[in-house]
Amino acid sequence: QLFEKRWLMRIFVLGVLLPQIANQAGWFTAETGRQPWVVYGLLRTSDALSKSVTAHQILFSLILFTVVYFFLFALFIYLLNKKIVQGPFSQVQDIHSPRLEEMSENFKSIQ
Amino acid sequence: MNEFLSLDYPTWWFLVIGATFTGYAILDGFDLGAGAIHLFLNKEESRRITLNAIGPVWDGNEVWLVIGGGALFAGFPKVYASVFSAFYIPFILFLVMLIFRAISIEFRSKEKMLWWRKFWDISYCISSILIALSLGIVLGNVMLGIRIDADGNFAGSPLDFLNLFSIMVGVTTLALFMMHGSIYLVMKTEKRLYTKLTIIVKNTTIFFAICVLLLSFYTLLYVPHLSTKIKHNPWMFFIPVTMVLAIANITRSVTKQKYRQAFLSSAVAISLLLIIIAVELYPNMVLSSMDPKYNLTVYNAASSQKSLGIMLIFAAIGVPLVAIYTIFVFWTFKGKVKLDDMSY
């Protein structure tokens, strides 16, 4: 019966964000915490830069990656949303695969 | 200098990197080739079949690039640093093209709309072509020599990488991959698409033969440092001879419709091309067009002997494992492509 409470389902949906936030927070800690060292005690970040790469090139690549990743994220949300709305069953109903039937049996028990 | 079987560690690493990049060219070559000819196929079903022909294997094939790049970083970090910093923007664009090729394959069949599929088809084809071109252009520049100073820092202008020789190497690489890819596709398809692909095989082979001839002439005439070793060691002439015979065998096998033989000959031709380049370059890895004493060689660009030794052990275990599972995947998915519900 726990799986039938709507308020709990809503909390679970929001809970999906929590590992993402935890992950990102961890990375921020690691990367800002290591400054000013790239290799602790041996190499500073300011000494580790490539001399032949200009700041403009780095800015260009940073902006390019941001744009590409936003584009990918938008696509991801769009396609994932479509898949969630559609549900776990295959669109073509006349495929009889034992695996699909087993999967649908498990999902039916949650209804 | 530590030695193993009478070759020192830097030389071993040169061979390991050469082998992994050759493996990459043979494996991802046909994926990129299949992508490059994608827009030549007009029917939706043809495009889906060719996508599924490379479907189970393209991801694993791209892994070989990562292995090669990783081995370069681990074994010769100065080469990694010099070349990647020198061609920073081209490399970033190359990475973006790799991203786009991967997502084009995966996202294409997720929606039924015509504009969606057309968009991802064009994206797939253009990204495959640009990846093949970029790989060739980088190889061409490494062979020709780049303006690096005593510290290995690049001292040239940003568009230096677009010189005629490198562009020719790039176009030859594209032609090679297109030929290699269409041979692989012909092995994997049947009936109407098969017929269409046999024509594409013939055309791409001619395209490649022209490119490699022009490139060879240009190299012999205008880039003398790339033929010195074979010139001074006449016994090495058998390598280009075998390469020409391998290319000729491709056409012979294709007319006899023995496509597996054609594919193997194509793979051998790719290997021999890279072997010639490796023979000519060794022991240099990146030539400096400013001053030959600034060349990066396998000796001055290598990691410490200890690192090389430890990593050789890992490579000796890891690379055969990768080769084994690659062979296993190909064997599992052997045979002609049949579309089903789980296909791209």
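Chain A is the first sequence line, chain B the second, and so forth, proteins listed ahead of strands; every chain is numbered from 1.
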Sub-4.5 Å side-chain heavy-atom contact between B:Glu111 and A:Tyr78: yes
Between A:Phe71 and B:Phe100, how do the two ring planes meet: parallel, tilted or perpendicular, split at 30° and 60°? parallel
Measure the spacing between CG of A:Leu75 and CH2 of B:Trp120 and express it to the nearest 0.5 Å. 5.0 Å
Please classify the contact of A:Lys82 with chain B as side chain, backbone, both or neither, using a heavy-atom distance under 4.5 Å. side chain
If you round to the nearest 0.5 Å, how far is CG of B:Asp149 from NZ of A:Lys51? 9.0 Å
If you count every heavy atom of other residues, nucleotides or ligands that lies below 6.0 Å from B:Lys118 atom NZ, does the total exceed 12? no
Do B:Leu95 and A:Phe65 have side chains that approach each other closer than 4.5 Å (heavy atoms only, starting at C-beta)? yes
Check this for me: B:Phe73, atom CZ, are more than 12 non-hydrogen atoms of other residues, nucleotides or ligands nearer than 6.0 Å? no
For the OG atom of A:Ser50 and the CZ atom of B:Phe154, what is their distance to the nearest 0.5 Å? 13.0 Å
Quick check on A:Phe76: does its CZ atom have over 12 non-hydrogen neighbours (other residues, nucleotides or ligands) under 6.0 Å away? no
Rounded to the nearest 0.5 Å, the OG1 atom of A:Thr54 sits from the CD1 atom of B:Ile89 at a distance of 7.5 Å
Please give me the minimum heavy-atom distance between A:Val53 and B:Ser85, naming the atom from each residue. CG2-O, 3.6 Å
With a 6.0 Å cut-off (strictly less than), is the heavy-atom count around CD of B:Glu44, excluding the residue itself, greater than 12? yes
Report the distance from atom CZ of B:Phe87 to atom OG of A:Ser52, rounding to the nearest 0.5 Å. 10.0 Å
Heavy-atom pairs under 4.5 Å with chain B, option from A:Leu79, A:Leu64, A:Val68 with the top count: A:Leu79
